[in-house]
Number of protein chains: 2
Amino acid sequence: MEPGLEPNRRRELLRAAARLFVEKGFAATTTRDIAEAVGMRAGSPFYHFRSKQELLKAAMIEGLDSGLVRLLAAVDGVADPEICLRVLVRTHLGNLLEDDCRSPMLIYESRALDAADRAEVAAAFDRYQAPWQATLEQLAAIGRIDSAGPPKRLLMFGMLNGCSHWFRPGGALSVDELAEAAAAFVLGPQPSAQ
Amino acid sequence: MEPGLEPNRRRELLRAAARLFVEKGFAATTTRDIAEAVGMRAGSPFYHFRSKQELLKAAMIEGLDSGLVRLLAAVDGVADPEICLRVLVRTHLGNLLEDDCRSPMLIYESRALDAADRAEVAAAFDRYQAPWQATLEQLAAIGRIDSAGPPKRLLMFGMLNGCSHWFRPGGALSVDELAEAAAAFVLGPQPSAQ
DNA sequence: TTATTAACCAAGCAAGCGCTTGGTTATTTT
DNA sequence: AAAATAACCAAGCGCTTGCTTGGTTAATAA
C-alpha cells in the first residue's frame, strides 16, 4: 500500500509472533499461524522477515529492550535499593503477565536459534539484567541481603518467570500481591528497625 | 526377539524421549530422533506407543512417579519439617539436574496433550506435590514460615525448576550448594534460637 | 501522466513429519 | 519339527512445513 513510513505491520507481526511463540512454543507455531493472526496470507511475513528464526530473534530483542525501557522508567529517581527491587519485581511481572506479548518468556526459546543469533539475544538479556544486578549489589552492600552472587539472581529470575506458567491475571491473586510475595521471597522478612 | 518379559526397550524409549523432549522441546523432537537414540528405525517406536503424544504422556507420568518414589524414600523417617524441606529440595534438584531424563521439566510440555491426557498428567503432578504441601503446612504450623498458601509453593517450584535452564552439573556450584541456597530462599534466614 | 516502488497475494515446491502396512527374523511354545 | 508370537525393519503414504516466485494493487515520485 503506502511505501516507507509504516512499520506498523512489522510491529503487528512481531507482537503476534511473540504472543504465539510464548503460548504454543516456537516449533509448534507455524508461520501461517502468525500470518493469519495479523490478517495476512501464508507467504507475506517473509516480505518483512527472512526466516522464522529471524522473526523470533527480532521479537526477543525488541521485546526485551522495550521491557527494559519500562524497567528503567519505573526505577528512575528511586534511591532506596529495597524499594528499587520491589519496583523492578512489580514491573517485570507486568512485562511478563500483563502485556499480551509476555516477551520475557521468549528467552526459553533461544535453543531454536543458531550460535550467532543466540549471542545477540544474550546481549539483550544482559542489558535487561543489569539494573537487577546493580540493585542486588546495593542491597548486599547495606547488609539487607546476605550475598548478591549469580545464584541469587538466577534463582530469583526463575521464580519470577515461573509465574507465567500458573498465574492468570483476573484471578483471586492480583499482580500487586504476587509482586509483594515474590519480593518478600528475595528480601526475607522485614527487619524490625533500620 | 524374545517375547514377553522384556520391557527394557520400552523403558529405553521412554528415557530417550524424556531426555530429548526436555532438551529440544516436544514439537522440535521427531519420533525419528527418539528411534535413532535407541538404535531403532523410524517406525519402530510405534510398536510400543500408539502416538508421539502417548510417548510424552507415559514419559511424564512414569518420570514423575519414579521421582516421587525417590522423594518419599529420602524423607522417610524424617520428623523435623525444616530438615524435611531441605531433603525434598535436594532430592528434587537431583531429579531435575542429575538424572539424565530431567523428567520434572516435562510438565511444561503439557500443552502438547489433549484435555484428557493433561488431566492424567495433572493427577501425577498432584501426587508429586503432596509431600511438599504437607511439609509447608507443618512449617507454617510451627511458625517457621509465615504462610503455606499456594503462591508460596508455586513460587518455590518455579524457582527450583528454573535451575534447569542455567545450572550445569560439574560447574563451580555444586547441587548441594544450590540446594542449600534454594532452601534458604524458602525458609528465610536461620532463626537464632528454635 | 507516467514510472516507480512498497506491500502484499496466489500458487506451489521440496523437504520433513507422524504414522501405517506388510514382511522378516529369531525366540518360544507345542 | 511345526506353529505361534514378539519385536522389529523396509518402504512409503498423505499431510504440513518453511519458504520462493511471479504477478497485482495502490500509493508516491518524476
Side-chain angles (χ1 to χ4, degrees), chain A residues 1-60 106 109-114 116-118, chain B residues 1-60 106 109-114 116-118:
Chain A
M1 313 290 180
E2 317 113 75
L5 43 90
E6 183 152 26
N8 297 21
R9 307 306 304 277
R10 198 191 111 103
R11 283 193 108 101
E12 281 183 53
L13 275 172
L14 282 179
R15 292 189 68 85
R19 206 192 65 228
L20 289 168
F21 286 160
V22 169
E23 189 178 312
K24 313 179 20 171
F26 175 78
T29 302
T30 71
T31 55
R32 285 173 170 82
D33 290 336
I34 300 169
E36 194 183 15
V38 299
M40 284 182 180
R41 303 292 175 171
S44 300
F46 295 95
Y47 174 79
H48 297 272
F49 299 93
R50 259 176 300 187
S51 68
K52 190 186 173 189
Q53 279 81 7
E54 195 182 291
L55 239 169
L56 172 62
K57 184 178 95 176
M60 292 175 79
L106 287 177
E109 301 290 343
S110 295
R111 55 187 173 192
L113 300 176
D114 59 34
D117 287 347
R118 212 156 40 207
Chain B
M1 311 292 180
E2 316 113 76
L5 43 92
E6 184 153 27
N8 298 20
R9 305 307 303 277
R10 199 190 111 104
R11 283 193 109 101
E12 280 182 54
L13 275 172
L14 281 179
R15 292 188 69 85
R19 206 193 64 228
L20 289 168
F21 286 160
V22 169
E23 189 178 313
K24 314 179 18 170
F26 176 77
T29 302
T30 70
T31 56
R32 285 173 171 82
D33 290 337
I34 301 170
E36 195 183 15
V38 300
M40 283 182 181
R41 304 290 175 173
S44 299
F46 296 95
Y47 174 77
H48 297 274
F49 299 94
R50 258 177 301 189
S51 69
K52 191 186 172 188
Q53 278 81 6
E54 196 182 289
L55 239 169
L56 173 63
K57 185 179 97 176
M60 292 174 78
L106 287 176
E109 302 289 344
S110 295
R111 55 187 171 191
L113 300 177
D114 59 35
D117 286 348
R118 214 156 39 209

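Order of the sequence lines fixes the chain letters, A, B, ..., with proteins taken first and strands second; residue numbering starts at 1 for each chain.
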Original post:
Can you check whether A:Y47 has a side-chain N or O nearer than 4.0 Å to OP1 or OP2 of C:dC8?
Top reply: no
Original post:
Between C:dC17 atom C1' and B:K52 atom NZ, what is the distance in whole Å?
Top reply: 8 Å
Original post:
Do any side-chain nitrogens or oxygens of A:R41 fall under 4.0 Å of OP1 or OP2 in C:dC8?
Top reply: no
Original post:
Which atom names give the shortest non-hydrogen contact between B:I34 and B:T29, and what distance separates them?
Top reply: CG1-CG2, 4.0 Å
Subject >> A:A42 side-chain proximity, nearest of D:dC19, D:dG18, C:dG18 >> reply: D:dC19
Original post:
What is the distance from CD of A:Q53 to P of D:dC19, rounded to the nearest Å?
Top reply: 6 Å
**OP:** Between B:D33 and A:G43, just flag the one whose closest nucleotide in DNA chain C comes earlier from the 5' side.
**Re:** A:G43
Original post:
Are A:M60 and A:L113 close enough that some pair of their side-chain heavy atoms sits under 4.5 Å apart?
Top reply: yes
Original post:
Hey, are the side chains of B:L106 and B:F26 touching, using non-hydrogen atoms and a 4.5 Å cut-off?
Top reply: no
**OP:** Respond yes when some side-chain nitrogen or oxygen of B:R9 is under 4.0 Å from OP1 or OP2 of D:dC8, and no when none is.
**Re:** yes
Subject >> Nearest-neighbour nucleotide for the B:T31 side chain, C:dC8, D:dC8, C:dG18 considered >> reply: C:dG18
Original post:
What integer distance in Å separates B:L13:CG from C:dC19:P?
Top reply: 14 Å
Subject >> Spacing of B:R10 atom CZ relative to D:dA7 atom P, expressed in whole Å >> reply: 12 Å
**OP:** Select base, sugar-phosphate, or nothing to describe what B:T30 touches, counting heavy atoms under 4.0 Å on all strands.
**Re:** sugar-phosphate
Original post:
Would a 4.5 Å heavy-atom cut-off, applied to side chains only, mark A:M40 and A:H48 as touching?
Top reply: yes
Subject >> Rounded interatomic separation in angstrom, taking CD from A:E36 and P from D:dT17 >> reply: 11 Å
**OP:** With sequence neighbours left out, write down each residue that passes side-chain contact (heavy atoms from CB on, under 4.5 Å) with A:E23, or none if nothing qualifies.
**Re:** A:R19
Original post:
Taking OP1 and OP2 of C:dC8, is either one under 4.0 Å from a side-chain nitrogen or oxygen of A:H48?
Top reply: yes
Original post:
Could you give the CE-to-P distance, from A:M40 to C:dA10, as a whole number of Å?
Top reply: 13 Å
Original post:
Just how far, in rounded Å, is C1' of D:dC19 from CD of A:E54?
Top reply: 13 Å
**OP:** Measure the angle between the two terminal helix axes of the helix from C:dT1-D:dA30 to C:dT30-D:dA1, five base pairs each, and quote it to 10°.
**Re:** 0°
**OP:** Record whether the side chain of B:R32 comes under 3.5 Å of the base of C:dG18 through a donor-acceptor pair of N or O atoms.
**Re:** yes
Original post:
Rounded to the nearest Å, what distance is computed from the CG atom of residue A:L56 to the C1' atom of nucleotide D:dC19?
Top reply: 17 Å
Subject >> B:E54 bridged to B:K57 by N-O distance under 4.0 Å >> reply: no
Subject >> Closest non-hydrogen atom pair, B:R32 against B:A42 >> reply: CG-CB, 3.7 Å
